[in-house]
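So the structure is just underneath, and the comments pick up after that.
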Number of protein chains: 2
Amino acid sequence: MQPSHARRQNLSLALQALYSSGPMSRADLARSLGLTKVTVSELVTALLDRGHAIEVGRSTPGRMGKPSILVDVNRTGLQMIGLDLSDHRALHGAVLDLDGTVVARAQRPVLTDDSVIGDGSTAGPDYPAGPLGGERAVDLVLELVAECLALATAPILGIGIGTPGIVGSDGVVKTAPNLDWRDVPLRDIVASATNLPVSLCNDADAAAHADHTLGDGGDDLVLVKIGRGVGCGLIVGGRRVRGAHSAAGEIGHVVVGTDGGRRCRCGKVGCLETWVSAPRLEQAIAASTPDPADAAPHADDVPDAVTAAGERLAIALAPVVAALDLADVVLCGPAHVIVPALVESVERTLRARLFTVENATLRVRVVEDPNDIVVRGAAALVLLDQLGVS
Amino acid sequence: MQPSHARRQNLSLALQALYSSGPMSRADLARSLGLTKVTVSELVTALLDRGHAIEVGRSTPGRMGKPSILVDVNRTGLQMIGLDLSDHRALHGAVLDLDGTVVARAQRPVLTDDSVIGDGSTAGPDYPAGPLGGERAVDLVLELVAECLALATAPILGIGIGTPGIVGSDGVVKTAPNLDWRDVPLRDIVASATNLPVSLCNDADAAAHADHTLGDGGDDLVLVKIGRGVGCGLIVGGRRVRGAHSAAGEIGHVVVGTDGGRRCRCGKVGCLETWVSAPRLEQAIAASTPDPADAAPHADDVPDAVTAAGERLAIALAPVVAALDLADVVLCGPAHVIVPALVESVERTLRARLFTVENATLRVRVVEDPNDIVVRGAAALVLLDQLGVS
DNA sequence: GTTAGTTAGTAAACACTACTAACGAAGTAA
DNA sequence: TTACTTCGTTAGTAGTGTTTACTAACTAAC
C-alpha cells in the first residue's frame with residue numbers, strides 16, 4: 001500500500017460521505033471523516049478539479065460564525081451508462097446521472113430460438129434475424145454502448161453491465177447460456193472499444209447493488225430475481241458476495257423441501273426453479289384469473305401454485321437469512337409476476353420458519369422499478385468502482 | 001485514513017506474507033508485496049523491534065549473488081491466550097504460540113443446574129458450588145485468564161475469547177443464556193483486568209476462524225458446531241460474517257423440511273435443533289450400538305436417526321452453500337457424536353441437492369481437534385486483530 | 001457602533017512514509 | 001583474478017496529513 005492508495009481511499013471516503021449525507025461544508029466533512037480541515041480542504045479541491053464534486057451555495061447563516069460553502073457530489077454533471085443483458089427479448093441500455101436516475105434509454109431487440117421479435121408492438125428497425133449467437137451478442141452490446149454514449153449529455157464516468165450467467169472477478173463472462181457466451185472477456189472488449197472504465201457483474205448482483213447503494217437496502221440483504229429462472233444477489237456486511245467460484249447467488253437448482261416435486265431440466269427433482277420462475281408464475285396467475293378466452297380454468301391447484309411458489313422460495317431463503325442474519329429480503333421480477341399473494345406467501349413462510357429475534361426487523365419487500373433495477377445496479381457498480389461509493 | 005494507518009496495513013501485509021509463506025528474505029518479501037527493498041527493509045526492522053518477527057539464519061548459497069537473511073514470524077517467541085466458554089461443564093483456557101499450537105492448558109469447572117461436577121474423574125479443586133450466575137461466570141473467566149497468564153512462558157500478544165451467545169462488534173456479549181449473561185461488556189472487563197488486548201467472538205465463529213487461518217479452510221466456508229444446540233460460523237470472501245444484528249450463524253431454530261417434525265423448546269415445530277444436537281445424536285448412537293447394559297435397544301428408528309440428522313443438516317445448508325458458493329462445509333462437535341455415518345449423510349444429501357458445478361470442488365469434512373478448535377480460533381482472532389493475519 | 005467570541009477556510013512549516021539512486025557485501029561464473 | 005548477480009543499506013526526494021497560525025465573515029452583547 002502506497003501513500004497514493006491511501007489518498008484515493010480518502011477521496012472515496014469524502015465522496016461517500018457527500019453522496020450519502022448530501023451537501024456539506026468542508027468543516028462538516030472534516031469532522032465526519034476524522035481528518036483535519038486542511039486535509040479535507042485539499043481533498044475537496046482535488047474533487048472539484050476532477051469534476052466529481054461541486055460547490056452548491058452557502059449555508060443559511062442561522063448559527064454563529066462564518067457561513068459555510070456547501071459542497072456536494074456533482075450529481076448531474078456526470079453521467080454513467082448501465083446495461084441490462086438479462087432480458088431475453090432485448091438488451092437494455094440507459095444513461096443515468098450519479099443519483100441513479102435514468103435520463104435516457106436505448107435498446108437492441110434480440111432474436112432467439114423460442115422468442116421471435118416483431119409481434120407488432122415492439123417492432124424495431126431492421127436488425128438481422130436469426131438466433132442470437134455469441135459474437136452477434138457482443139456486437140449488439142457494442143452497438144448499444146455506442147448508442148448510449150451518443151445519448152449522453154455529460155462526461156461519462158464509466159460503463160456498468162449486468163449480464164446473466166457467471167461472471168469472474170476479472171471481467172470475464174464464464175458462462176451465459178442465454179447469450180451463448182463462454183469465457184468472453186466482455187469487460188476488456190467494451191473497455192478497449194470505448195476507452196472508458198467498464199464494470200461487469202451478474203444481473204442479480206447488479207440489482208442487489210442497486211438496492212443497497214441507490215435504494216433503501218441495508219448492509220445485509222438478499223435480492224431474489226425471478227425471470228426465466230431464479231437467481232439472487234447477496235450483500236453481506238456491505239459487500240457483494242462473489243463466492244469461491246464466482247457463482248454466488250445461483251440458487252435456482254437447489255432442491256427445496258423434502259417432498260419431491262417436478263423434474264428439472266438439470267436432471268434433479270424439486271429444484272427451486274421448478275417452483276419459482278416467471279413462466280411458471282405466469283401460468284399460475286393466468287389460470288387463477290379466469291379469462292373468458294381461456295377455456296379451461298382449472299381453478300383447482302392454481303391459486304395454490306402462487307402460494308406454493310412463495311412458500312418454496314421462503315423455505316430456501318430461511319436458512320440463508322438465518323445464517324447470514326440478513327435484514328432485508330427483496331423480491332424482483334416482472335411486475336405481472338410479483339403479485340401480492342406471492343410476496344405475502346414469502347413473508348409469512350419466512351417468519352414462520354425463523355426464530356423470533358430476526359422476525360422483528362426483517363423486511364420482505366418488492367423492488368419498485370423492476371424494469372430499471374439492473375441498469376441502475378450496473379450504474380451503482382460504476383459508482384463503486386470509480387468513486388468508491390457504495 | 002492517515003499515513004500511519006497505511007503503515008500499519010503494510011506491516012500487516014508483511015506479517016501475513018511471512019505467516020503464510022514461511023521464512024523469506026527481505027528481497028523476496030519486497031517482490032511479494034510489490035514494495036521496494038528499502039521500504040520492506042524498514043518494515044522488517046520495525047517488526048524485529050516489536051518482536052513480531054525474527055531473523056532465522058541465512059539462505060543456502062546455491063544461487064548467484066549475496067545470500068539472503070531469512071526472516072520469519074516470531075512463531076514461538078510470542079504467545080497468545082485462548083478461552084473457550086462454550087462447554088457447559090468447564091471453561092477452557094490455553095496458552096498458544098503464534099502457529100496456533102497449544103503449549104499449556106487450564107480450566108475452571110462450572111456448576112450448572114442440570115450438570116453437577118465431581119463425578120470422580122474431573123473433580124477439581126474446591127470451587128464454590130451452585131449454579132453458574134452471570135457475575136460468578138465473569139469471575140471464573142478472570143481467574144482462568146490469570147491462570148493462563150501465569151502459565152505463559154513468553155510475552156503475550158493478546159487474549160481471545162470464544163463464548164456462546166450473541167456477541168456485538170463492541171465486545172459486549174448481548175445474550176448468552178448458558179452463562180446467564182445479558183449485555184456483559186466482557187472484552188472491556190478482561191482488558192482492564194489484564195491490560196492486554198482482548199478479542200471476543202462467538203464460539204462457532206471462533207472455530208471458523210481457526211479452520212480458516214490455522215487450518216486448511218479456504219476463503220469461503222461454513223463451520224457447523226454441534227453441541228447442546230447447533231450454530232455455525234461463516235467465512236465469506238475471507239471475512240467473518242457478522243450479520244445485521246451480530247447474530248449470523250444462528251441456524252438452530254430454522255425450520256427445516258416440509259414434513260413437520262418435533263416441537264422445539266422455542267415453540268416452533270421442526271427446528272434444525274430438534275434434528276441435530278449432541279444430546280439427540282448421543283441418544284441415537286447409544287441406541288444403535290446396543291449396549292449390554294441397555295435394556296431396550298429399539299433399533300427401529302435409530303440408525304435412521306443419525307442419517308436423518310445429517311440429511312436435515314444438509315437440507316438446511318444446501319441453500320446457504322449454493323447462495324454463497326461455499327467451497328468447504330466443516331463439521332465440528334464432540335468426537336463421539338460426529339460419527340462417519342453423520343458426515344456421509346451430510347455429504348450425500350448436500351451433493352444430491354446442489355447443482356453439479358459446485359459439487360466438483362465442494363469439500364465436506366470434520367474438524368480434527370474438536371476439543372481445541374475454539375481456543376485455537378480465539379487465538380486466530382488475536383492474530384487477526386493484533387497482527388492483521390488471517 | 002464597537003468589541004468579543006465563534007466558525008469556515010487557507011497558508012506555512014513539520015512529520016511520516018514510500019520511492020529512486022547509488023553503493024558496499026558476499027557470493028557465483030568465467 | 002575479473003565480471004556479474006543478488007542482498008541489504010544509506011542518502012536524498014516526493015507525496016500526504018498534521019500542527020500552528022492566520023484571515024474572513026458572522027452573532028452576541030455592551
Side-chain angles (χ1 to χ4, degrees), chain A residues 1-18 21-50 52-72 388, chain B residues 1-18 21-50 52-72 388:
Chain A
M1 161 159 294
Q2 282 131 342
S4 60
H5 299 154
R7 173 75 166 184
R8 202 155 48 192
Q9 174 77 357
N10 281 338
L11 289 168
S12 285
L13 288 172
L15 271 176
Q16 170 88 40
L18 291 177
S21 302
M24 304 170 74
S25 70
R26 291 166 171 81
D28 284 335
L29 206 45
R31 281 185 287 266
S32 159
L33 297 178
L35 299 171
T36 61
K37 286 191 297 176
V38 180
T39 302
V40 167
S41 214
E42 223 276 308
L43 291 171
V44 167
T45 305
L47 291 175
L48 295 175
D49 287 347
R50 297 177 195 203
H52 292 172
I54 47 170
E55 297 190 335
V56 294
R58 312 220 146 196
S59 68
T60 53
R63 303 168 314 182
M64 278 195 293
K66 175 180 171 180
S68 52
I69 306 165
L70 296 180
V71 179
D72 194 11
Chain B
M1 161 160 294
Q2 281 133 337
S4 60
H5 299 154
R7 173 76 166 182
R8 201 155 47 192
Q9 174 77 358
N10 281 338
L11 288 168
S12 286
L13 287 172
L15 270 176
Q16 170 88 42
L18 290 178
S21 300
M24 305 171 72
S25 71
R26 292 166 171 83
D28 284 335
L29 206 46
R31 282 184 287 266
S32 159
L33 296 177
L35 299 172
T36 61
K37 285 190 298 177
V38 181
T39 302
V40 167
S41 213
E42 223 277 310
L43 290 171
V44 167
T45 305
L47 291 175
L48 295 175
D49 286 347
R50 298 176 195 202
H52 293 172
I54 48 171
E55 297 189 336
V56 294
R58 310 219 146 196
S59 69
T60 54
R63 304 168 315 184
M64 279 195 294
K66 175 180 171 179
S68 53
I69 305 165
L70 296 179
V71 179
D72 193 12

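So that the names make sense, note that chain A is the first sequence line, chain B the second, and so on, each numbered from 1.
Counting to the nearest Å, the P atom of D:dA11 and the NZ atom of B:K37 are 16 Å from each other. For the pair B:K66 NZ and D:dA3 C1', the computed distance is 19 Å after rounding to whole Å. Between A:L29 atom CG and C:dT7 atom C1' there is a gap of 16 Å when expressed in whole angstrom units. Look at CG on B:L35: it is 14 Å from C1' on C:dT20, rounded to the nearest Å. Nucleotide D:dT18 holds its P atom 12 Å from the CE atom of B:M1, rounded to whole Å. Straight-line distance from the CD atom of B:E42 to the C1' atom of D:dT10: 13 Å, rounded to whole Å. If you take CE of B:M64 and P of C:dA29, they are 7 Å apart, rounded to a whole angstrom. One can place CZ of B:R58 at 18 Å from P of D:dT6, the figure rounded to the nearest angstrom.
Of the candidate nucleotides D:dT19, C:dA8, D:dG8, D:dG8 has the atom lying nearest to any side-chain atom of B:S68. Considering only the side chain of A:P67, D:dC26 comes nearest among D:dG8, D:dC26, C:dA11. Considering only the side chain of B:L43, C:dA18 comes nearest among C:dA18, D:dC7, C:dT10. In this structure, the nucleotide among D:dG8, D:dC7, D:dT19 sitting nearest to the side chain of B:I69 is D:dG8. Counting only heavy atoms from C-beta on, A:T39 has its side chain closest to D:dG17 among D:dG17, C:dA8, D:dT6. Comparing atom distances between the B:A27 side chain and each of D:dG8, C:dA12, C:dA18 picks out D:dG8 as nearest.
Note that OG of A:S68 is 5.5 Å distant from CZ of A:R63, once rounded to the nearest 0.5 Å. Atom CG of residue A:L18 and atom NE2 of residue A:H52 lie 12.5 Å apart, to the nearest 0.5 angstrom. The structure places CG of B:L29 at 11.5 Å from CG of B:L70, a figure rounded to the nearest 0.5 Å. Atoms CG and CG, on B:L43 and B:L35 in that order, are 6.5 Å from each other to the nearest 0.5 Å.
For DNA chain C, the neighbouring residues in residues 2-14 of chain B, judged by any heavy atom under 4.0 Å, are B:P3, B:R7, B:N10.
The phosphate of C:dC19 has OP1 or OP2 within less than 4.0 Å of a side-chain N or O from B:T36. Here A:R26 reaches the OP1 or OP2 of C:dT10: one of its side-chain N or O atoms lies under 4.0 Å away.
Summary of the strand contacts: B:G34 and A:S41 both lie near DNA chain C, and taking for each the nucleotide with the nearest heavy atom, the more 5' one is attributed to A:S41.
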